[in-house]
There are 2 protein chains.
Amino acid sequence: MKTLVSRCPIEEVMQMLSGRWPTLLIYYLKQGTKRFSDLRRDNPTISHKMLTLELRKLEDAGIVERSEFEGYPLRVEYQLTPAGHRLVPLIDALGDWWETTSDTSAHPGSMDAEAAVSNTASRD
Amino acid sequence: MKTLVSRCPIEEVMQMLSGRWPTLLIYYLKQGTKRFSDLRRDNPTISHKMLTLELRKLEDAGIVERSEFEGYPLRVEYQLTPAGHRLVPLIDALGDWWETTSDTSAHPGSMDAEAAVSNTASRD
DNA sequence: AGTAAATTACGCACCTTTTTGTAACCACGA
DNA sequence: TCGTGGTTACAAAAAGGTGCGTAATTTACT
């Protein structure tokens, strides 16, 4: 699936991480092993189809590992690979960068600073 | 002005950096001040529409600064802001991560990495 | 001298391509 | 029948490309 002819690793990662879901899913998987239905509960706005598609993409990229357990209502678990775990702090760093850069220009006068802070509270 | 209503800074950065162009443009702007036509030459596959759109987005995000010089034929220069420069190493880190993870057998295919490069058939 | 074309950095309208959402269906067994 | 994880077909939306118009000045041709 990852039939990429890009010369540049940055283009490749960005193609991997682009869109709303990849980083969100990584965030939730960072919390530990999750089942398909867990991830849907964690993020109710993702469609069934998108979740499978994105999980497959993350799997192909070596970020997520899929474990299928034989059984009655079929159980499948997803978790971050070691590489996936190494990716997490890099993504977090981007989030931090964004927060600090938004701070330096986001206060137009005497707005309530406290409100702004709690407004941008991360999901950590 | 970035009027974004996302709760999470990571979602916001990723929305900013998603797509093929943002990181590419940042890469070229990292080299120094560039004019519109320079950037088109650097990246011939981007359309003028996309270039203006993406530059505007980067500008709104505070990553790129636009300087317009009076005169004809109108000259406009683009360069990274300090925040933009701080972003560069973070993006590079993602590129490095990708390179190392691709190396360390992250792709459990049945063929070796060399063959996989020239062969487009993977999992379909 | 007069006209035409080129230049630069766009905006806009139209159209195609890609991505994403919706909904239905499959299989299995309690 | 329900719930599990997944697939497929079709529709909607978003992203992206093409080409034309704009500005004020210089150059190119006639």
Side-chain angles (χ1 to χ4, degrees), chain A residues 1-6 11-25 28-29 33-61 64-79, chain B residues 2-6 11-12 14-25 28-29 32-61 63-79 120 122-124:
Chain A
M1 197 61 163
K2 179 183 47 136
T3 352
L4 217 31
V5 269
S6 171
E11 282 186 71
E12 295 180 8
V13 219
M14 290 319 294
Q15 182 163 327
M16 178 74 250
L17 298 178
S18 282
R20 313 193 269 161
W21 308 122
T23 51
L24 250 197
L25 294 181
Y28 285 117
L29 286 167
T33 299
K34 296 268 186 177
R35 300 180 55 176
F36 189 87
S37 46
D38 291 332
L39 290 168
R40 291 215 66 186
R41 266 185 291 274
D42 287 336
N43 211 105
T45 63
I46 194 172
S47 69
H48 194 118
K49 178 185 162 188
M50 270 301 106
L51 184 51
T52 47
L53 250 49
E54 296 293 319
L55 283 172
R56 201 71 71 213
K57 200 170 70 172
L58 291 169
E59 200 193 339
D60 288 349
V64 161
E65 197 198 332
R66 197 187 105 110
S67 317
E68 189 171 321
F69 296 89
E70 286 294 326
Y72 344 105
L74 181 59
R75 187 162 61 97
V76 180
E77 289 185 353
Y78 295 93
Q79 56 182 320
Chain B
K2 76 194 120 159
T3 341
L4 217 30
V5 270
S6 171
E11 280 185 72
E12 295 180 7
M14 289 319 293
Q15 183 166 326
M16 177 74 250
L17 298 178
S18 282
R20 313 195 269 162
W21 308 122
T23 52
L24 249 197
L25 294 180
Y28 285 117
L29 286 167
T33 299
K34 297 267 184 176
R35 300 181 52 177
F36 189 87
S37 46
D38 291 332
L39 290 168
R40 291 214 64 186
R41 266 184 292 275
D42 287 335
N43 210 106
T45 62
I46 194 172
S47 67
H48 76 273
K49 177 188 165 186
M50 273 299 105
L51 184 52
T52 46
L53 251 49
E54 297 293 319
L55 283 172
R56 202 69 71 210
K57 202 170 68 170
L58 290 170
E59 201 192 340
D60 288 349
I63 294 171
V64 161
E65 197 197 332
R66 197 186 107 109
S67 317
E68 191 171 320
F69 296 90
E70 286 292 327
Y72 293 87
L74 182 58
R75 188 163 60 97
V76 180
E77 288 185 354
Y78 296 91
Q79 57 182 319
T120 55
S122 182
R123 173 228 283 262
D124 224 58

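So you know, we letter chains A, B, ... as the sequences are listed, proteins then strands, and number each from 1.
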- Query: Heavy-atom distance under 4.5 Å between the side chains of A:L53 and A:R56, does that happen here?
  - Reply: no
- Query: In whole angstroms, how far is the P atom of D:dG5 from the CD atom of A:E68?
  - Reply: 10 Å
- Item | Exercise: identify the closest heavy-atom pair between B:M14 and A:T23 | CG-CG2, 3.5 Å
- Distance-minimising heavy-atom pair for A:F36 and A:L51: O-CD2, 3.6 Å
- Task: Find the distance A:Q15:CD to C:dT19:C1' and express it as a whole number of Å.
- Result: 13 Å
- For the student: nearest non-hydrogen atoms of A:I46 and A:M50, plus distance: CG1-CB, 3.6 Å
- Base-pair string, DNA chain D, Watson-Crick plus G-U, cut-off 3.5 Å on both distances, | for inter-strand, is |||.||||||||||||||||||.|||||||
- Message: Without decimals, in angstroms, what is the distance between A:L51 CG and D:dT7 P?
- Response: 12 Å
- Establish whether the base of D:dG19 is bridged to the side chain of B:H48 by a donor-acceptor pair shorter than 3.5 Å. yes
What nitrogen or oxygen pairs link the protein and nucleotides 8-13 of chain D at under 3.5 Å?
none

- Task: Output yes when at least one side-chain N/O atom of B:R56 is less than 4.0 Å from OP1 or OP2 of C:dG11, else no.
- Result: yes
Is there any protein nitrogen or oxygen under 3.5 Å from a nitrogen or oxygen in nucleotides 3-8 of chain C, and what are the pairs?
{"from": "C:dT8", "atom 1": "O3'", "to": "B:R35", "atom 2": "NH2", "distance (Å)": "3.3"}
{"from": "C:dT8", "atom 1": "O3'", "to": "B:L74", "atom 2": "O", "distance (Å)": "3.1"}

- Message: Within the 4.5 Å heavy-atom criterion, are A:D42 and A:L39 side-chain neighbours or not?
- Response: yes
- What's the CG-C1' distance between A:L55 and C:dT20, to the nearest Å? 16 Å
- Query: Which part of the nucleic acid does B:S18 contact within heavy-atom distance under 4.0 Å: base, sugar-phosphate only, or nothing?
  - Reply: nothing
- Message: Using atom P in both nucleotides, what's the gap between D:dA23 and C:dG2 to the nearest angstrom?
- Response: 22 Å
- Any side-chain heavy-atom pair of A:W21 and A:L55 under 4.5 Å: no
- Item | Separation of A:S37 OG from A:H48 NE2 (nearest 0.5 Å) | 10.0 Å
- Message: If you compare all heavy atoms of B:M16 against all heavy atoms of B:I63, which two are closest, and at what distance to 0.1 Å?
- Response: CG-CD1, 4.0 Å
- Whole Å only: how far is the CD1 atom of A:I46 from the C1' atom of C:dT22? 14 Å
- Message: Nearest 0.5 angstrom please: B:R66 CZ to B:T52 OG1, how far?
- Response: 10.0 Å
- Note on the structure: Note: A:L74 and A:F69 closest approach over all heavy atoms is CD1-O, 3.6 Å
- Message: Rounded to whole Å, how long is the line connecting atom CD of A:E54 with atom P of D:dG5?
- Response: 18 Å
- Query: What is the distance, rounded to the nearest whole Å, between atom CE of B:M50 and atom P of C:dA9?
  - Reply: 18 Å
- Message: Mind checking if A:R20 touches a base, just sugar-phosphate, or nothing, with heavy atoms under 4.0 Å?
- Response: sugar-phosphate
- Message: Check B:D60 with B:K57, please: is the shortest side-chain N to carboxylate O separation under 4.0 Å?
- Response: no
- Task: Mind calculating the distance between CH2 (B:W21) and P (C:dT18) to the nearest angstrom?
- Result: 14 Å
- How is A:F69 classified with respect to the nucleic acid when contacts are heavy atoms under 4.0 Å: base, sugar-phosphate, or nothing? nothing
- Task: Of all the heavy-atom pairs spanning B:S18 and A:G19, show the shortest one and how long it is.
- Result: OG-N, 2.9 Å
